[in-house]
Amino acid sequence: MSYTTEEIKKIEAKWQKIWQDRETFKVDMQEGRKKYYVLEMFPYPSGKIHMGHVRNYTIADVIARFKIVQGFNVLHPMGYDAFGQPAENAAIKNDVDPAQWTYSCIDQMRGGLKRMGFSYDWNRELATCDPRYYRWNQWIFLKMAERGLAYKKASPVNWCPGCETTLANEEVIQGECWRCKTEVVQKDLEQWYLKITQYNEKLLGDLKKLEYWPDRVIAMQENWIGKSYGVNIHFRLKGKGDVITVFTTRPDTIFGVTYVVLAPEHPLVEGLTNGVDNEDDIKKFIAEVAKTGKSARQTGEAGKGGIFTGQYAVNPVNGEAIEIWIADYCLMEYGTGAIMSVPTHDQRDFLFAKKYNLPMRIVISDPQAPDQTIETMSCAYEEEGVLVNSGKFDGMNSDAAVCEIGKWMEKEKMGEMTVHWRLRDWLISRQRYWGTPIPFIYCGKCGMMPVAEEQLPVELPENITITGEGGSPLNHCAEFVDTACPKCGGGARRETDTMATFFDSAWYYLRYCSPKNETQVFGPKEAAYWMTVDQYIGGIEHAILHLLYSRFFTKFFKDLGLIDFDEPFHRLLTQGMVLKDGEVMSKSKGNTVDPDSIIEKYGADSLRLCILFAAPPEDQLEWSNGAVDGAWKFLNRVYHYIEGRYDKDFSGELSENDFDCEDKELNRQIHATVKKVTEDFSHYKFNTAISSLMILLNHADKYKQASQKQALINKLCRTFIILLAPIAPHICEELWQEIGGQEESVIDVAWPEHDENALKQDTVQIIAQVNGKLRGKFNISAKSSEEEIRRIVLADAKVQEFLKSKSVKKFIYVPGKLVNLVV
RNA sequence: GGGCAAGUGGUGGAAUGGCAUACACGUUGGACUUAAAAUCCAAUGGCCGUAAGGCCGUGUGGGUUCGACUCCCACCUUGCCCACCA
């Protein structure tokens, strides 16, 4: 048989069918046997797989196969994150049923995955849009609601009047709806939230346990959770009973406060400005700010404008009356929606005070410029320093003062020390059709009630018309909405909101452990055996949301008593993106390369090899068609070498006593390659593992001319096939069968071990340096002493040339490697 | 503004204190061929030199060291994440 495109397609199809028929990768729990759970982030089934999937899943597949041959019981499942907007958009655009559209995409996707030859246990395949899956979403939701972790409250959300639905922040592009371009407005709506903030301390603290996660992901999560220590300080309104509470992380600057700022949306604003002279101007200003997009305001591109309210507040530490302003740079979303302004020690306050000619006072003296005055100040001094103009705290270091003033204010009841979290509760409800229905019922008499557990799942109705107009499609579906009240039996309405799809993906890794369980969210025994996920692999774009939600759910399940661990993913690998011509490969850029077209021409093994060889897993990968050619050429050479050199009928024993110099060297290289590939696979350095296999093949080709001992060649062929198999499984299965391997699959063959003795060399090359510069190379017996080496090196004519009349000051000897002569 | 990566031949990359550019792509030359493809062989960082050989060279500038792509300090550039965060 030759290795042509036609043949390789036959070989790949043949082995894919064998793996499927024999259920080669089906696994079951085996108490007492070491398990390994390798998982890649499951795909949204948008149709064909793309290069990003290929890269992600090939990395995972090599790890899975490597762990299998090392004797682990390996769980390697695959499924589909199948709810979500694209299905609804397709429905609106092409008048197709979202379920049908999704399932046909899943079929395409599965086909693509199978053509890559991935080692999935297909018995565990799941799709989140399957009622057998999403009923457990509803169950989890009910459990959360029971504990007050799922709740409903009114809050301002992004609302598109065109589509009549809420939008996620990411769906608002420059203040407009990403789909219909209508201007997005803020609207107060009753929405479901998950109280993730109840876990903020644990979510932050447990990041320390994740020592095998990339630093940047840890940093991003820390940043997102955003714990900051500070003080809530109360400013009494002059002449009124109300109090403005501000949050600050810099209580040490309290004596420098010269005005107070409220966010335009602050609840006190209306009462405060009612009837003041410039009331109309204030209303105009607030309306102006409201018109500015939220995103423009938050990025700081907008304004830094403000207006005086005509009212005064009292600084509790010194009784000073200070102006109250309204400004767009103060955000309602953060802190208390009110800030104390210290222009001398906060750059934003500094610019604002300059613009509106507001007073300033230095309260922290810069040790580098102790004579600084307000007149000479060109920007705020935000660093550490010594307190001045601060009453009894004068002379104290500002770092120490943060704590001391906080304590003092607490004692004097001027404020409280507090911890502020950036993390907000998670808005989970969507006015969409293609998602998990939230299992609640509203009765006019009895109020809001959860659906009884035994009534689950609340299934999505079929044959819904989706137009993109008129709000949630479920609202118009009487057979879904109209129901009986579980308490009084009277007419009631179902909740028509569905869950955001991040809910679905927050726990799927647990469901894989027992996907067919019909009575429980997941089998606790199976979860205890398989979890935690030993290696999780996916894109950096999920560094915050998905991974944070998954951690939250795991902690919740632990509190429910279902599991006894509190982090789901032991080790995390974030693979780099696939680029084409320096840009991320994407449909919108139109620079995608279809994996199927590559498989069609070169086969899956070449694609797998090429994508692993081109770059280390975490790095960006620049796609090049030429690189596939190289992979193809290499596999070709492997195939022809083994076909041509392996002798199936040869039965002689390998005897190291008969080895001549060449044999010994080739044998050494075989062992060195085993060692290198094993180490590289363990550290996911697939590119260098592949290069070491290429080096071995290059040596094997040269050996052909020098000497040939069939026993050694046979050994080399066998070893080579096993080492290459995790990367290029189809061709290696075929070759293993051709050389007469008795095992059902090359996956059943034990991984080779290297022999340290075989790695030893009789002679070693010693590098000679003079003053750190390379001046000679010597092949010296490995047994030579330092003294002998010194004599040899010093006797060398070329080395002498560089020594000339100078004397050797120092002789540095690194055993087996080099000598350096310092003159 | 804050955080995290990264910067090495024409290209992807290797080397984590000890021969810089492994391995591959590309290019050039050669073999085979009527020819092409495929395959095989050889060369391939820059400068000087007929050659032997020498000098320079891992973003920039310093430092530590017998020795630095590698460690330390400062800076520049690029990418990603966060950000009027009080």
Any N or O donor-acceptor pair under 3.5 Å from the base of [N] to the side chain of [X]?
{"X": "A:Glu333", "N": "B:rC85", "value": "no"}
{"X": "A:Asn223", "N": "B:rC82", "value": "no"}
{"X": "A:Lys777", "N": "B:rC19", "value": "yes"}

Give the nucleotide from the list [options] with an atom nearest to the side chain of [X].
{"X": "A:Asn687", "options": "B:rA24, B:rC4, B:rA14", "value": "B:rA14"}
{"X": "A:Ile767", "options": "B:rC19, B:rG26, B:rA86", "value": "B:rC19"}
{"X": "A:Asn820", "options": "B:rG79, B:rA14, B:rG18", "value": "B:rG18"}
{"X": "A:Gln765", "options": "B:rC19, B:rC81, B:rG79", "value": "B:rC19"}
{"X": "A:Ile812", "options": "B:rC66, B:rG79, B:rC23", "value": "B:rC66"}
{"X": "A:Ser691", "options": "B:rG13, B:rC23, B:rG18", "value": "B:rC23"}
{"X": "A:Ile544", "options": "B:rA86, B:rG18, B:rC81", "value": "B:rC81"}
{"X": "A:Phe613", "options": "B:rC4, B:rA86, B:rA24", "value": "B:rA24"}
{"X": "A:Arg422", "options": "B:rG13, B:rC81, B:rC82", "value": "B:rC82"}

Work out how far the [atom1] atom of [N] is from that of [M], and round it to whole angstrom.
{"N": "B:rG45", "M": "B:rA52", "atom1": "P", "value": "15 Å"}
{"N": "B:rC71", "M": "B:rA6", "atom1": "P", "value": "10 Å"}
{"N": "B:rC72", "M": "B:rC23", "atom1": "P", "value": "30 Å"}
{"N": "B:rG13", "M": "B:rA22", "atom1": "P", "value": "15 Å"}
{"N": "B:rA43", "M": "B:rG49", "atom1": "P", "value": "24 Å"}
{"N": "B:rG62", "M": "B:rU44", "atom1": "C1'", "value": "35 Å"}
{"N": "B:rG7", "M": "B:rG59", "atom1": "C1'", "value": "6 Å"}
{"N": "B:rA68", "M": "B:rC81", "atom1": "C1'", "value": "32 Å"}

[X] bridged to [Y] by N-O distance under 4.0 Å:
{"X": "A:Asp346", "Y": "A:Arg250", "result": "no"}
{"X": "A:Glu333", "Y": "A:Arg424", "result": "no"}
{"X": "A:Glu201", "Y": "A:Lys227", "result": "yes"}

Separation of atom [atom1] in [X] from atom [atom2] in [N], rounded to whole Å:
{"X": "A:Lys702", "N": "B:rC40", "atom1": "NZ", "atom2": "P", "value": "12 Å"}
{"X": "A:Asn232", "N": "B:rA86", "atom1": "CG", "atom2": "P", "value": "13 Å"}
{"X": "A:Asp629", "N": "B:rG26", "atom1": "CG", "atom2": "P", "value": "7 Å"}
{"X": "A:Ile695", "N": "B:rA14", "atom1": "CD1", "atom2": "C1'", "value": "9 Å"}
{"X": "A:Asp619", "N": "B:rG13", "atom1": "CG", "atom2": "P", "value": "7 Å"}
{"X": "A:Phe634", "N": "B:rA24", "atom1": "CZ", "atom2": "P", "value": "9 Å"}
{"X": "A:Trp213", "N": "B:rC4", "atom1": "CH2", "atom2": "P", "value": "18 Å"}
{"X": "A:Asn636", "N": "B:rC40", "atom1": "CG", "atom2": "C1'", "value": "13 Å"}

With a non-hydrogen cut-off below 4.0 angstrom, is [X] in contact with a base, only sugar-phosphate, or nothing?
{"X": "A:Pro214", "answer": "nothing"}
{"X": "A:Lys227", "answer": "nothing"}
{"X": "A:Gln769", "answer": "base"}
{"X": "A:Ser624", "answer": "nothing"}
{"X": "A:Ala614", "answer": "sugar-phosphate"}

Counting just side-chain N and O atoms, does [X] come under 4.0 Å of either OP1 or OP2 of [N]?
{"X": "A:Asn698", "N": "B:rA22", "answer": "no"}
{"X": "A:Lys810", "N": "B:rU65", "answer": "no"}
{"X": "A:Lys633", "N": "B:rC25", "answer": "yes"}
{"X": "A:Lys773", "N": "B:rC56", "answer": "yes"}
{"X": "A:Arg216", "N": "B:rC82", "answer": "no"}

Q | Single hit among A:Ile233, A:Asn232, A:Val231 for side-chain contact (heavy atoms from CB on, under 4.5 Å) with A:Glu416 | A | A:Asn232

Nucleotide forming a Watson-Crick or wobble pair with [N], both distances under 3.5 Å:
{"N": "B:rC55", "value": "B:rG46"}
{"N": "B:rA36", "value": "none"}
{"N": "B:rU77", "value": "B:rA6"}
{"N": "B:rG1", "value": "B:rC82"}
{"N": "B:rU65", "value": "none"}

(Q) Ring centroids only, cut at 6.0 angstrom: are A:Trp426 and A:Phe502 within range, meaning strictly under it? (A) no

Q: Could you check A:His420 against A:Tyr229 for ring-ring contact (aromatic ring centres under 6.0 Å, His included), going step by step and ending with a plain yes or no?
A: CA-CA 6 Å; A:His420 185 269; A:Tyr229 296 91; over 10 Å; no

Q: Kindly give the heavy-atom pair with the smallest separation between A:Trp632 and A:Thr4, and that separation in Å.
A: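 Heavy atoms of A:Trp632 and A:Thr4 come nearest at CH2-C, 3.9 Å.
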
Q: Would you name the heavy atoms of A:Pro343 and A:Tyr259 that are closest together and state the gap between them?
A: CG-CE2, 3.8 Å

(Q) Please compare A:Ala627 and A:Arg775 by the position of their nearest nucleotide in RNA chain B and report the one closer to 5'. (A) A:Ala627

**Q.** A:Trp224 or A:Gly337, whichever maps to the more 5' nucleotide of RNA chain B
**A.**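 Nearest-nucleotide comparison on RNA chain B picks A:Trp224.
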
Q: Identify whether NZ of Lys or CZ of Arg in A:Arg571 sits under 6.0 Å from the centre of the six-membered ring of A:Trp213 and within 45° of that ring's axis.
A: no

Q. Since syn is defined as within 90° of 0, does B:rG63 count as syn or as anti?
A.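 With its glycosidic angle more than 90° from zero, B:rG63 counts as anti.
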
